[in-house]
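Side-chain atoms are counted along with the backbone in the values below, which use heavy atoms only and exclude waters and symmetry mates. Residues take their numbers from the sequence shown, with the count starting at 1. Every number for a ligand or one of its atoms is a count from 1 in the order of the listing. It should be emphasised that the depicted structure is a prediction, and the values quoted were computed from it without experimental measurement.
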Amino acid sequence: MSSTPLLRLLHFLLLLLPAPLHDYCFPRLSSGGLDVYHPLILFAGFGCPDLEARLTEAYTPSVPRCGALKGKGWFPIYKFNTLDLVEHDYVPCFQEQMALVYDPVHNKYRNLAGVETRVLNFGSAYGFSEKQMVPDRENLCLVSLRKELEAVGYRDGDTLFGAPYDMRYAPPSEGYVARVQKLVEHASSKNGDKPVILVGHSFGATAVLGFLTSTPLPWRNKFIKHLLLISPPPPTGFTLTITQLTSGPSVFQIATVPIMELRPLWRTFASALLTMPSPVAFGHKPLVITKHRNYSAYHMEDLLLALGFTADQTLPFLRRRTLEVEAPLVPTTYIIGGGIKTPEQLVFWEGDFDVPPENVYGEGDGTVNMASLLAFGKELRRQQERNNVHFKALAIANATHAGIVLEEHLLRMVMTEILQANR
Ligand SMILES: *[C@@H]1O[C@H](CO)[C@@H](O)[C@H](O)[C@H]1NC(C)=O
Ligand SMILES: *[C@@H]1O[C@H](CO)[C@@H](O)[C@H](O)[C@H]1NC(C)=O
């Protein structure tokens with residue numbers, strides 16, 4: 001794949017790292033050397049947090065079988081290994097109990113009546129797991145990065161933490177901000193009041209950004225040393241968000257269940273509509289092409305209606321805050337991949353949105369379109385610089401959305417940035 005268009009696009013915005021890469025070189029911590037480092041909190045990607053559920057008397061199952069766990073306390077509902085759900089024929093119940101209900105009056109999402117949910121292992125860097133037994137995929141949930149951090153002396157519960165979230169909500173979900181604030185304060189006080197480094201990958205970057213921008217600026221200035229956003233899904237949107245609505249959620253999988261079966265559930269999530277492509281990044285370019293009609297980023301409401309959303313169901317999209325990029329206003333490093341062919345336009349020629357589209361590819365990280373990564377980075381930079389807050393952007397050629405935290409040489413670059421943030 002040629003990286004020439006990437007280089008052209010990046011020239012004023014981003015600093016492209018030279019190849020060959022330099023090995024990072026820093027002292028491994030000896031015991032007693034921990035005061036060298038700032039405490040660090042990880043925010044892994046979309047499918048990584050584990051969720052538990054509890055069914056109360058208020059729950060009315062659509063089929064009696066789904067009420068079997070009523071009154072029986074907390075049970076794992078979205079957790080490694082999701083094959084259990086399949087083996088116990090629980091997938092239809094899972095779909096019902098994981099669904100969110102949108103309340104148009106208060107513009108809020110909530111669980112189905114009688115279903116309570118909670119995130120497992122909040123606070124731990126071990127609180128993230130892959131949900132599928134796919135070889136080499138466990139590392140998607142920042143496992144490799146965690147191991148690298150441990151190799152330089154970071155320890156879970158002492159200097160290293162994790163802030164799993166409920167991925168169904170557009171972050172932050174209710175209660176999350178206060179909870180992470182407490183975790184940050186705990187991490188800091190445990191480490192001689194040193195401010196904390198926050199590292200988010202993919203949707204974890206969305207979560208950490210949503211968290212930070214909901215806190216008072218003086219609090220941020222006191223407690224946050226640095227923020228690293230790695231391959232964040234930009235609020236300016238990307239085309240794959242549409243594909244997930246038509247063909248099922250590739251980011252929210254359950255062992256052996258075809259993703260198309262999870263489409264109705266997926267469409268209830270607040271997060272499903274969060275990154276619809278916006279005109280800021282895509283202008284008038286047709287993103288969905290049929291023989292009778294094209295849809296650009298200006299026509300996303302019409303598209304949702306064409307996909308079978310009711311007018312009420314499009315409300316959260318119309319009311320979303322996404323186009324307002326809000327910079328964190330703490331020292332930030334923005335790390336993205338690029339130079340990978342990425343679906344940009346979707347052709348559903350016959351207008352049948354239930355069949356997989358034919359992709360027309362453009363530039364990106366394989367998941368997110370470069371136009372949007374650049375638009376987002378540019379706006380972050382503008383706001384940070386206007387407020388005299390440090391902002392560094394790195395685009396790594398030939399790095400995919402997930403590969404950036406999986407492949408050794410890329411991980412090394414990420415580690416270099418983390419260690420630099422420690423200075
Ligand atoms: C849709 O977009 C395609 C690609 O840009 C273009 O060739 C076609 O004429 C457009 N069709 C309609 C109906 O506007
Ligand atoms: C791009 O990355 C892939 C996977 O790591 C590697 O096999 C390939 O050689 C790389 N290509 C270039 C041009 O660096």
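Close placement of the Phe376 and Tyr334 rings is indicated, their centers lying within 6.0 Å of each other. Ring centers of Phe211 and Tyr165: at least 6.0 Å apart, outside the cut-off.
The contact shell of ligand 1, taken as protein residues with any non-hydrogen atom closer than 4.0 angstrom, comprises Pro286, Ile289, His292, Asn294.
Phe223 and Trp219 have tilted rings, their planes meeting at an angle from 30° to 60° on a 0 to 90° scale.
The stretch residues 195-211 participates, sequence neighbours left out, in these side-chain hydrogen bond (donor to acceptor under 3.5 Å, both in side chains) pairs: Ser202-His401.
Side-chain atoms of His106 and Asp103 form a donor-acceptor pair, as typed in the model, at a separation below 3.5 Å.
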Run the numbers on Phe353 and Leu245 for side chain to side chain contact (heavy atoms under 4.5 Å, CB included), then give the verdict. CA-CA 9 Å; Phe353 296 114; Leu245 290 173; over 6 Å; no

